[in-house]
2 protein chains.
Amino acid sequence: MGRKPTGRPTSFDIAYAAGVSQPTVSRALRGDRSVSEKTREKIQKIARELNYTVDKNASSLRSQRANTIALLFFEDPTPDESMINPFFLAMLGSITKATADEGLDLLISFQRMEDDWHVQYQDSHRADGLILLGYGDYTKYRERMAQLAKQGTHFARWGSVSSDSSGVTVGTDNVGAGRLAGEHLIAQGRKRIAFLGHADEHYPEFNGRYLGLSAAMRNAGIEPDPALQYDALTTEEEGRAAAQALLDSGADFDAIFAASDLIAIGAMRALADAGRSVPRDVAVVGFDDIPAASMTTPPLTTVMQDIRGAGQILVETLLAQIEGRDLPPRKLPGKLIVRGSSSA
Amino acid sequence: MGRKPTGRPTSFDIAYAAGVSQPTVSRALRGDRSVSEKTREKIQKIARELNYTVDKNASSLRSQRANTIALLFFEDPTPDESMINPFFLAMLGSITKATADEGLDLLISFQRMEDDWHVQYQDSHRADGLILLGYGDYTKYRERMAQLAKQGTHFARWGSVSSDSSGVTVGTDNVGAGRLAGEHLIAQGRKRIAFLGHADEHYPEFNGRYLGLSAAMRNAGIEPDPALQYDALTTEEEGRAAAQALLDSGADFDAIFAASDLIAIGAMRALADAGRSVPRDVAVVGFDDIPAASMTTPPLTTVMQDIRGAGQILVETLLAQIEGRDLPPRKLPGKLIVRGSSSA
DNA sequence: AAAACAACAGTGAACGTTCACATTTTGAAA
DNA sequence: TTTCAAAATGTGAACGTTCACTGTTGTTTT
């Protein structure tokens, strides 16, 4: 009698059909232990028959838990909306999987640094927490991070793991990974190794990779030459320009370690244009292992980041934080993938 | 006096501070015309000061409108979660932009065909509508589509635009695009053009491209040779295998039109391994213009789909449908991008 | 000056859950 | 039986909006 004849069924309809009270339906479907096995089964059966689904909005409103995470990409230099950093796209896949495994929904959004992103999501209860992905000038982020943390926003960030940043960060062990690349090149007999990518503290990830390379070189008794380092952001174009500058300088070099695969691919192009053979004249190692890395000629040797692990740990970390138990920052090891660009 | 001293502010807090009733706050912030300019400004100012944001869950619950769209990827053969079809990833970027422009949130999810995806999103009021992206065997989708449409779910699909499918579909004009590729190859003097990719009606997009190629050939007085068509799904591996099979058959051919760039890239690899020069011995044209297409050696000639337009039109179409006014299916033109793989 | 009408703001309820608490039922111990 | 705690269910309210009305102004019309 109390049932509405039209529209989606609500928990009241299920309750009526099952002959129980409405909150019991809610309890049963949530798996609350205080509902007897028998009635739970009856309720579940009826719910299935009537095609009932819990209304997400009502549920979130009452419980103050959206069971949703927002993934915010932001790149400082965004030339084209559709040209997203391929590495982050791979991360997207892994984060999606991780959230799905936890029964969470995933909202995604691309942001410019200037936007009031924090307001849009957590403040409006759209999401319980944020995952931040972004390259770019780190100093710009820091203030925002601190602000977010103070405001009580839950977030986890992918990037350089250092103690000075607020909030929890998950990232690759860039120094260790850089060392891997350096050791590999040295093992190939290379001694004059150039580094393409920003190496200052504004870009701590790249900086870490540079430090790792330098450490490996010193360890082998080679003093890194600062003249062989050229700035580049992670685009093919900048990689090409940096390599061109390196070539134009007339400096002597027999290897390039690029801070990212896109830079490496651009550099290989410049090398080819200049008639330098890869890997005979110049060995090239990249970073990220994006899909295109295996498709270049020769295929690019690179350091693979643990993307699958990254997504999982980011979600884990964020979830822990939401539930009030903070996990420590985590560093993931890189893995060297040797292909044709660095060895014969 | 009625204010809670703690927690996020609600519209009641704003109302109290502004000396108006709570619904007036709601109206003012929504831009309802029946609020005077003066009070609207006062309310907006106070809201800004108190850092107030409308609670998305309460809003959606009451208005029965989530202002959210769910983007569902699903690929039939999903070898690895992180290996998403690059073309769809590009689409993701454009759809994200389009939804953001409309003030909508975007939920994303990867699905297997078997899942009850429709239930998860629209039924639970998480999203107002769905956008479906997926290659794979079309026949499997059809039943689901029909079911969705009957059930009143709003959705727009990217794919082959044909009259027999239920729901609104947006897609590239595959026949026209295939003709472009064919005409280009013929203009290069090629006569024995192979097609790599499924060409039957289970894969209507690929089929359209094949039909376009055939039409262009016949138009030039060349009869297409069915022996030069080899099945392949859109992966590098299948492309390689198909090209290998073609080579092994001993058939005479001087060009390949691949149904996707991934297939083309795999085919180029097989050609290189077999010592055939591209483009001298065999001209290759792909489809999609994924980022890797410009990074191969030689760079791949391909047909670019209008990704930016696609995202916008998908969102537009879906939105129209949600608002009750159905838009017709749309076909977008492809654009030939000539690179080194097809001309000297 | 009365009537009519906008323009604006207020009132009460409703959206469909989950929560805290009260109440009933159950089964075993006394 | 009676007693009592544990298990199971019911009750009423609350989450923070938006909706449909009702009421109050101030402005125009005749």
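Within every chain, numbering begins at 1; the chains are lettered A, B, ... in the order of the sequence lines, protein sequences first and strands thereafter.
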Return the nearest nucleotide to the side chain of [X]; candidates are [options].
X: B:R62; options: C:dA14, C:dG16, C:dG12; answer: C:dA14
X: B:S21; options: C:dG10, C:dA13, C:dT17; answer: C:dG10
X: B:Q64; options: D:dG12, D:dG16, C:dG16; answer: C:dG16

Rounded to whole Å, how long is the line connecting atom [atom1] of [X] with atom [atom2] of [N]?
X: A:L61; N: C:dT17; atom1: CG; atom2: C1'; answer: 8 Å
X: B:H125; N: C:dC15; atom1: NE2; atom2: P; answer: 12 Å
X: A:D13; N: C:dC15; atom1: CG; atom2: P; answer: 12 Å
X: A:N57; N: D:dT17; atom1: CG; atom2: C1'; answer: 11 Å
X: B:Y16; N: C:dG10; atom1: OH; atom2: P; answer: 15 Å
X: A:N67; N: C:dT17; atom1: CG; atom2: C1'; answer: 13 Å

task: Please work out which residues in residues 28-42 of chain B have a non-hydrogen atom less than 4.0 Å from an atom of DNA chain D and list them by number.
output: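 B:R30 - these, ordered by number, are the residues of the stretch whose heavy atoms sit under 4.0 Å from the strand.
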Do the charged groups of [X] and [Y] touch, with an N to O distance under 4.0 Å?
X: A:K97; Y: A:E102; value: no
X: B:K45; Y: B:E49; value: yes
X: B:R65; Y: B:E323; value: yes

- prompt: Does B:V25 or A:T24 map to a spot on DNA chain D nearer the 5' end, using the closest nucleotide for each?
  reply: A:T24
Pairwise distance OG1(A:T53) to NE2(B:H125) - rounded to 0.5 angstrom: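 NE2 of B:H125 is found 9.0 Å from OG1 of A:T53.
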query: Do A:D105 and A:I69 come within less than 4.5 Å of each other through their side chains, counting heavy atoms only?
result: no
field: Heavy-atom side-chain contact between A:S109 and A:F73 under 4.5 Å
entry: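 No - every pair of side-chain heavy atoms lies 4.5 Å or more apart.
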task: Report yes if a side-chain nitrogen or oxygen of B:Q22 is closer than 4.0 Å to either non-bridging phosphate oxygen (OP1 or OP2) of C:dG12; otherwise report no.
output: no
query: Quick one: the side chain of B:R27 and the base of C:dG10, do they pair up donor-acceptor inside 3.5 Å?
result: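 Yes.
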- prompt: Considering residues at least two apart in sequence or located in another chain, which fulfil the side-chain hydrogen bond (donor to acceptor under 3.5 Å, both in side chains) criterion with A:T39?
  reply: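 Here the qualifying residues are A:S36.
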